[in-house]
Amino acid sequence: MNNTIYLRRTNQLIIEVNEGEKRLPKAHLATALKNIEALGYTFSNELMHALRKLSTEQFEAVYLQLVKDLKVMVGAHVDYRPMYAGFPLQVMQEDEAELYLNAIFHYLTHLAVDYSGQPLAGRSPLLDRTDMKVIDLGSKQAFHKLIRQLIEAKGSISDTDKKDIKRALKHADPSEVDAILPADIPFKENVGFVVATLLMYEQANMERIGHYFKTASDVLRLAVSWSDGDVSLAVASPFRKFKRSERRLLLGLLEQCGPITEDMLRYKERWIRLGEILHPSEYKLRYPRCQEAFELLRNDKPFTTFNGSVELAFQYRNIWTLIDLLSQRPGEFARRLDHMLRITEEEAYVLLAFSEVAAQVSTPVLLQVRQHFVQRNEPQDLRIFFPKGNVAKAFAIPVQLPEMDETICQEVVQLCEQALVQRFAVLPMLGKTYIDPQLKDYLVPFSQRSASKALHTIVRGSRVPMAAGDTIRFFSWWKEGEVDGKSTGRVDIDLSAVMYDENWNYLEHISYTNLRSAKYKAVHSGDMVTAPYGASEFIDLHIPSIVNYGGRYVVATLHSFTSHPYCDLPECFAGWMMRKKPGSSEIYEPSTVANKIDITADTQIAIPVILDLVQCTIIWTDLALKRYPDFNNNVEGNQKGMVLMGKAMTTLRKPNLHDLFMLHTKARGELVDTMDQADTIYGVDEGVTPYNMEQIMAEYLV
């Protein structure tokens with residue numbers, strides 16, 4: 001189980017090496033290497049050396065699990081049967097009338113068969129060789145550190161991250177649990193989830209978990225997570241019935257926290273419901289502060305809150321009261337800084353007060369405030385934000401901020417940078433440091449709460465260079481069947497690609513309604529409308545022909561035609577491959593898979609990526625749209641939403657990794673121009689990369 005997680009996250013394996021002579025025959029190792037090469041992977045020398053020390057039986061156990069995991073990672077664990085088995089040549093060579101009749105016949109009859117007859121014979125030889133991804137030798141200590149970094153992330157983590165943590169803790173012995181758990185868990189959602197996991201596996205006691213709880217909301221998150229609810233508290237979740245010992249634990253944790261009443265008022269109704277289950281009055285002598293707080297909530301007794309005082313001061317533009325209040329909570333001061341500067345002529349005093357508390361503001365907030373003021377006066381039509389919760393949704397709103405004096409903006413930027421550099425300076429020295437300029441295209445991971453599981457996961461809005469080749473092939477696969485004992489019925493997931501020019505004017509789309517472009521080389525493999533054994537669809541896009549026609553952006557989308565939420569399907573994923581030219585290689589060639597993403601959101605429209613064909617980059621979006629009830633759920637019915645998301649995602653303004661690593665280097669390193677000069681490397685493919693998100697969130701957002 002640990003190797004499954006370790007392989008997916010770091011391309012490493014833990015091998016329990018036997019002492020003594022090498023025992024594995026070379027033929028076994030060579031055969032294994034040849035077989036995984038077809039999946040796009042190979043072994044490092046260190047890993048091969050370790051594997052040679054295994055017995056044949058031990059090696060076979062490692063190898064069988066490895067192949068199983070690799071196939072899932074690249075999507076090769078399923079059978080791909082597109083409607084047109086001779087895709088893409090068959091679609092490109094079909095008569096227009098035949099294509100139309102096929103689409104209509106296929107749609108009306110809901111048959112997953114090829115109406116046009118036998119597939120074309122013959123296949124092109126594999127021309128799309130790719131560099132192999134190297135699987136290296138790991139260790140238990142490194143694996144434990146990986147899980148610990150996930151737990152001490154300074155932002156929300158994904159469902160995949162949580163599942164990995166849960167599995168690691170489940171299979172850990174008591175000494176390993178202590179090795180995995182950090183001294184502090186900075187992000188409060190992670191406190192609730194991790195402690196609930198420890199309690200589930202009977203690995204928790206007050207000595208091990210008590211110091212993680214500092215506020216009433218920490219305890220509320222534990223109660224919610226323990227009840228399998230939304231630990232982000234974005235939506236209210238029902239509580240389960242707690243045993244007497246569990247009630248005492250929750251009340252004991254709450255009693256030891258600092259001032260709790262105001263914090264409990266933030267989620268008043270939820271605390272009242274939880275109090276009905278905890279029965280604090282039964283323990284009023286043991287937990288008197290809890291009893292007092294619950295009584296105030298139930299009886300609506302008056303209580304002046306901090307936020308109420310702040311809003312009143314903003315209402316009357318009382319800047320001196322705001323400075324006094326917000327200086328008590330530096331993080332809130334930073335978030336409200338722009339608003340304060342807009343309503344006063346005493347900007348110098350506001351900035352002076354902020355300078356005195358900036359050192360107490362968290363690194364993620366300082367980075368975001370810095371980025372905001374760096375680009376404060378640049379023209380921007382839309383601002384995009386991602387609400388709390390577990391669904392990968394985004395909202396875009398018009399930007400209506402008045403212009404601000406550039407001198408003030410620059411002073412805020414300098415104050416943020418000064419606080420960050422001073423903070424980073426106490427960390428271990430980096431020595432000579434190289435920073436890849438391409439890291440400007442990769443964003444800092446603050447919130448991964450709704451991130452999907454993928455072969456390579458990065459932050460939404462990051463731009464990844466396209467691999468060599470002039471054709472990109474999108475693929476999707478889904479299956480209908482039973483989920484939690486309930487049948488899905490017929491499931492139809494439609495893969496589409498929508499082309500726009502540089503100003504986001506619609507040009508054309510490729511989907512089940514338009515299998516082949518009349519303007520450039522773009523083809524769809526045909527509409528699969530049912531999937532009892534799994535179904536797949538493909539789209540080939542010839543990049544030069546689209547660009548020559550004036551196209552720039554391509555939005556890849558999946559639409560649930562039968563209105564099934566993706567989270568209710570047994571399996572659904574999508575991805576893309578790069579090809580040297582249209583029609584080359586097998587329909588699905590695992591070694592050419594650039595990325596594969598599991599589609600699991602509680603929505604019916606998914607936007608995994610947006611292509612920028614002019615800059616040859618893939619913009620990682622991993623987003624979902626709601627179904628528009630006034631339209632059919634297809635590409636034609638969702639133009640407005642896709643254009644809005646496309647414009648927002650391609651103009652996203654967020655802190656990037658290049659700036660983050662530059663601040664660390666300024667504080668504790670010496671910048672050099674080339675990798676071969678460096679002791680520490682920050683790059684896209686070497687050293688600390690954008691894919692080491694657990695390390696970045698744990699060690700670089702301190």
Side-chain angles (χ1 to χ4, degrees), residues 154-156 184-192 213-221 232-234 257-268 270-271 303-344 346-374 376 383 385-388 397 401 404 408-409 411-420 422-423 444 446-447 449 654-655 701-702:
K154 308 305 187 299
S156 62
D184 184 40
I185 304 179
F187 195 70
K188 299 307 182 181
E189 291 180 24
N190 298 346
V191 172
F213 293 85
K214 299 178 176 64
T215 69
S217 292
D218 294 346
V219 181
L220 179 61
R221 287 190 174 92
S232 74
L233 305 182
C257 293
I260 59 176
T261 305
E262 180 174 349
D263 200 18
M264 292 172 71
L265 282 167
R266 293 174 59 205
Y267 302 100
K268 178 180 176 182
R270 301 186 209 187
W271 275 111
F303 190 91
T304 302
T305 66
F306 176 85
N307 287 335
S309 300
V310 169
E311 293 304 326
L312 192 64
F314 268 116
Q315 181 180 343
Y316 289 99
R317 295 179 173 239
N318 191 333
I319 198 67
W320 302 109
T321 300
L322 284 170
I323 289 174
D324 288 341
L325 286 170
L326 292 174
S327 293
Q328 303 170 34
R329 299 189 181 181
E332 193 66 20
F333 197 139
R335 295 183 183 93
R336 302 275 195 144
L337 182 57
D338 193 299
H339 193 180
M340 292 175 69
L341 291 169
R342 294 200 308 270
I343 65 170
T344 183
E346 306 290 347
E347 297 96 337
Y349 292 100
V350 174
L351 293 174
L352 177 62
F354 178 65
S355 70
E356 294 174 349
V357 301
Q360 302 170 53
V361 179
S362 71
T363 296
V365 172
L366 281 176
L367 287 170
Q368 291 174 82
V369 171
R370 174 195 174 276
Q371 190 68 30
H372 170 76
F373 281 94
V374 164
R376 174 64 170 71
R383 172 175 169 256
F385 62 95
F386 304 94
K388 271 190 177 185
I397 59 175
L401 289 177
M404 185 176 288
I408 294 175
C409 294
E411 187 165 350
V412 175
V413 171
Q414 291 172 8
L415 289 173
C416 293
E417 290 184 353
Q418 181 180 345
L420 289 166
Q422 290 176 350
R423 180 173 303 167
V444 176
F446 294 124
S447 175
R449 183 185 295 109
K654 299 287 184 181
L701 299 179
V702 293

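Because only heavy atoms are used, hydrogens play no part in the values below, and waters and symmetry mates are left out as well, while side chains stay in.
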Check: Is there side-chain contact between Q414 and Q418, with heavy atoms separated by less than 4.5 Å?
Finding: no
Checklist line | D263 side-chain N/O to I260 backbone N/O, donor-acceptor pair under 3.5 Å | finding: no
Next item on the list: Evaluate the side-chain contact (heavy atoms from CB on, under 4.5 Å) criterion for residues I185 and F213: first the C-alpha distance (whole Å), next the side-chain angles of each, then the deciding distance (0.1 Å), finally the verdict.
Entry: CA-CA 9 Å; I185 304 179; F213 293 85; over 6 Å; no
Checklist line | Beyond-backbone contact of R336 with L325, side-chain heavy atoms, under 4.5 angstrom | finding: no
Next item on the list: Working to the nearest 0.5 Å, report the span between CE of M340 and OG1 of T344.
Entry: 8.0 Å
Notebook entry, point to check: Are K214 and D184 ion-paired here, with the side-chain N under 4.0 Å from a carboxylate O?
Noted result: yes
Notebook entry, point to check: What are the two closest non-hydrogen atoms of N190 and G155, and how far apart are they?
Noted result: ND2-O, 3.8 Å
Checklist line | NZ/NE/NH1/NH2 to OD/OE distance under 4.0 Å, R317 and E346 | finding: no
Next item on the list: Mind listing the closest non-hydrogen atom pair of L326 and E332 along with its distance?
Entry: CD2-CG, 3.7 Å
Note to self: Can you tell me how far apart NE2 (H339) and CZ (F314) are? Round to the nearest 0.5 Å.
What the structure shows: 5.0 Å
Note to self: To check you understand the geometry: which heavy-atom pair defines the closest contact between V369 and C416, and what is its length?
What the structure shows: CG1-SG, 3.8 Å
Notebook entry, point to check: Would you call the rings of F333 and F354 parallel, tilted or perpendicular if under 30° counts as parallel and over 60° as perpendicular?
Noted result: tilted
Item checked: CH2 on W271 to OG1 on T261, rounded to 0.5 Å -> 11.0 Å
Notebook entry, point to check: With side chains defined as the heavy atoms from C-beta onward, is the minimum distance between R342 and L401 less than 4.5 Å?
Noted result: yes
Margin query: Distance check, rounded to the nearest 0.5 Å: L351 atom CG versus L341 atom CG?
Written below: 5.5 Å
Item checked: Flag, side chain of R266 to backbone of E262, donor-acceptor distance under 3.5 Å -> no
Item checked: F373: ring pair (Phe, Tyr, Trp, His ring centres under 6.0 Å) partners, not counting sequence neighbours -> none
Item checked: Steps toward side-chain contact (heavy atoms from CB on, under 4.5 Å) verdict (D338, M404) -> CA-CA 9 Å; D338 193 299; M404 185 176 288; 3.8 Å; yes
Margin query: Are there over 12 heavy-atom neighbours, none belonging to F303, within less than 6.0 Å of that residue's CZ?
Written below: yes
Next item on the list: Applying side-chain contact (heavy atoms from CB on, under 4.5 Å), run through V444 and Q368 and close with a yes or a no.
Entry: CA-CA 10 Å; V444 176; Q368 291 174 82; over 6 Å; no
Next item on the list: Verify, without hydrogens or angle tests, whether R270 (side chain) and L233 (backbone) share a donor-acceptor contact under 3.5 angstrom.
Entry: yes
Notebook entry, point to check: Do R423 side-chain atoms and A359 backbone N/O form a donor-acceptor pair below 3.5 Å?
Noted result: yes
Note to self: I need the minimum non-hydrogen distance between V310 and L322, along with the two atoms involved.
What the structure shows: O-CD2, 3.7 Å
Check: Does T215 use its side chain to pair, donor to acceptor, with the backbone of D218 at less than 3.5 Å?
Finding: yes
Check: Taking all atoms of both residues into account, what is the closest heavy-atom pair of L366 and A358, and its distance?
Finding: CD1-O, 3.7 Å
Item checked: CA sep, side-chain torsions, deciding dist, call: R221, V191, side-chain contact (heavy atoms from CB on, under 4.5 Å) -> CA-CA 8 Å; R221 287 190 174 92; V191 172; over 6 Å; no
Margin query: Measuring from atom CD of E356 to atom CD1 of I323, what distance do you get when rounded to the nearest 0.5 angstrom?
Written below: 9.5 Å
Item checked: CD on E417 to CG on L367, rounded to 0.5 Å -> 9.5 Å
Checklist line | Distance-minimising heavy-atom pair for P330 and V357 | finding: CB-O, 3.6 Å
